[in-house]
There are 2 protein chains.
Amino acid sequence: MSQAETLVAVQRLRLTPVRRRALEILLEAHRALGAYEVLERLAEEGFGKQPPVAYRALEFLVENGLAHRIRRLNAFTACMHPGEAHVPAFLICRVCDSVAEAAGAPVRAALDDAAIALGFSVERASIEAVGLCPQCRAHTQAGGVAHG
Amino acid sequence: MSQAETLVAVQRLRLTPVRRRALEILLEAHRALGAYEVLERLAEEGFGKQPPVAYRALEFLVENGLAHRIRRLNAFTACMHPGEAHVPAFLICRVCDSVAEAAGAPVRAALDDAAIALGFSVERASIEAVGLCPQCRAHTQAGGVAHG
DNA sequence: TTGTTTATGTAATATCATAACAAGTCAAGT
DNA sequence: ACTTGACTTGTTATGATATTACATAAACAA
């Protein structure tokens, strides 16, 4: 949160109460939240009850590098490295739905190469992997945990 | 289509009329289609009129490597290289919405490296880039085409 | 044929997202 | 203090995407 505040101050962004609270909600969750989940929490605290309230706050956070959108989950997650020039690659566990943010710079470089070969210029990329996180991998191998 | 049929025969998959037609629809479109667009065309030809008809056919195609899902567009596109062991990376033009399928193997390799560093095992990956295709890049630079 | 699996179709509903508009906030200039 | 203009928040309403649950039918194996 402090990282976020510093960043906001430097960039002269307006981290208003809704936006700030939305970010805190994402940070506290330790997982990706759907827009309606965020909305529900915001509404409980006296903010607006309608979808645009959440979508706008989340859009602001994403635009300014404070959060990410995980398209595969239709969800949002707080950025773990705000301010750092980084390309995130998301590792989504199919068992526990946890989301880890991996270093995506080399991935992005490879992607740029592939794009250049086709004359395509990449502006933004979303790199999302589905698999097993270390914890769930251990469990699955050991006990044969069912997953659906 | 012939590639698809060969593949289907080898794998003993059931390319039923709906599924076959769904694939043809994607192939004929030369662009990514939403599930409801596919559904509309299927319904016109006497198939079911409800969403699951399209979603199931598309899911079958995706599962069996005959089509891909483009999450950023909430859309589906026919696979351009069915049967080849390939990891697709999608290049989505933000102006004309065209989708190109680039070689994603090196991208995937970089992604696997990043995942291994975190103890995460990748099973599937979706790699989607947004930018400008060669055509739209030329137009934008030359004439200053507005894009929204 | 009988039983089993797989596929198709429908109805109903759940989930995710945006457009359009009204009202409030805030800072800059006068 | 007042006005202006950009931005923010809130609401209503609707649009777009996707799934669950259940019934019927086709394909297949024994």
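All of these numbers come straight from a predicted model, not from anything done at the bench. For the numbers below, each heavy atom of this structure counts, side chains included, while hydrogens, waters and symmetry mates do not. Order of the sequence lines sets the chain letters (A, B, ...), proteins ahead of strands, with each chain counted from 1.
Residues passing the ring-ring contact (aromatic ring centres under 6.0 Å, His included) test with A/H30, sequence neighbours excluded: none.
At its two ends the helix from C/dT1-D/dA30 to C/dT30-D/dA1 runs along axes set 30° apart, each axis drawn from five pairs and the angle rounded to 10°.
As rounded to whole Å, 14 Å separates atom C1' of D/dC7 from atom CG of A/N64. Distance B/L13 CG to C/dA7 C1': 14 Å, rounded to the nearest Å. To the nearest angstrom, C1' of C/dT15 lies 15 Å from CZ of A/R71. Computed from coordinates, the A/L15 CG to D/dT8 C1' distance equals 13 Å when rounded to whole Å. Note: CG (A/L73) to P (D/dA18) measures 14 Å, nearest angstrom. For A/Y55 and D/dG10, the OH to P distance is 17 Å, given to the nearest whole Å. With rounding to whole Å, A/E59 atom CD is found 16 Å from D/dG10 atom P. Straight-line distance from the CD1 atom of B/I70 to the P atom of D/dA18: 12 Å, rounded to whole Å.
Under a 3.5 Å cut-off, the side chain of A/R19 and the backbone N or O of A/R14 do form a donor-acceptor pair.
The shortest distance between side-chain heavy atoms of A/C96 and A/C133 falls below 4.5 Å.
Both A/L118 and A/I127 belong to a common hydrophobic cluster when Ile, Leu, Val, Met, Phe, Trp and Tyr are linked at side-chain heavy-atom distances under 4.5 angstrom.
In this structure, of C/dT10, C/dA7, C/dT18, it is C/dA7 that holds the atom nearest to the side chain of B/T16. Taking the side chain of B/R19 as heavy atoms from C-beta on, and the options C/dA7, C/dA17, C/dT10, the nearest nucleotide is C/dA7. Comparing C/dA11, D/dA18, C/dA17 by their closest approach to the side chain of B/N74 singles out D/dA18.
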Listing, residues 39-47 of chain B side-chain donor-acceptor contacts under 3.5 Å, not counting sequence neighbours, or none:
residue: B/R41; atom: NH1; partner: B/E37; partner atom: O; Å: 3.1
residue: B/E45; atom: OE1; partner: B/R21; partner atom: NE; Å: 2.5
residue: B/E45; atom: OE2; partner: B/R21; partner atom: NE; Å: 3.2
residue: B/E45; atom: OE2; partner: B/R21; partner atom: NH2; Å: 3.1

Please tabulate, one pair per line, all N/O donor-acceptor pairs under 3.5 Å involving side-chain atoms of residues 104-117 of chain B, not counting sequence neighbours.
residue: B/R108; atom: NE; partner: B/D112; partner atom: OD1; Å: 3.0
residue: B/R108; atom: NE; partner: B/D112; partner atom: OD2; Å: 3.3
residue: B/R108; atom: NH2; partner: B/V122; partner atom: O; Å: 3.3

I'd like a table of donor-acceptor pairs (distance under 3.5 Å, sequence neighbours excluded) in which one partner is a side-chain atom from residues 49-76 of chain B, with atom names and distances.
residue: B/N64; atom: ND2; partner: B/F60; partner atom: O; Å: 2.8
residue: B/H68; atom: NE2; partner: B/E101; partner atom: OE2; Å: 3.2

Legend entry - CA sep, side-chain torsions, deciding dist, call: B/S126, B/F90, side-chain contact (heavy atoms from CB on, under 4.5 Å): CA-CA 8 Å; B/S126 52; B/F90 299 105; over 6 Å; no

Legend entry - Worked check of side-chain contact (heavy atoms from CB on, under 4.5 Å) between B/E128 and A/E128: CA-CA 9 Å; B/E128 302 179 4; A/E128 302 180 3; over 6 Å; no

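From A/R20, atom CZ reaches atom CG of A/L23 across 8.5 Å, with rounding to the nearest 0.5 Å. Taken from OG1 in A/T77 to CZ in A/R31, the straight-line distance is 10.0 Å, to the nearest 0.5 Å. Summarising the geometry, atom OG belonging to B/S121 is positioned 7.5 Å from atom CZ belonging to A/R94; distances are rounded to the nearest 0.5 Å.
DNA chain D lies under 4.0 Å from at least one heavy atom of each of the following residues of residues 32-51 of chain A: A/F47, A/G48, A/K49, A/Q50.
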Inset, instruction - For nucleotides 22-30 of chain D, just jot down a letter per nucleotide in 5' to 3' order: B, S or -, based on protein non-hydrogen atoms under 4.0 Å. - result: -----S---

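Residue A/R69 is in sugar-phosphate contact alone, with no base atom involved, counting any heavy-atom pair closer than 4.0 Å across all strands shown.
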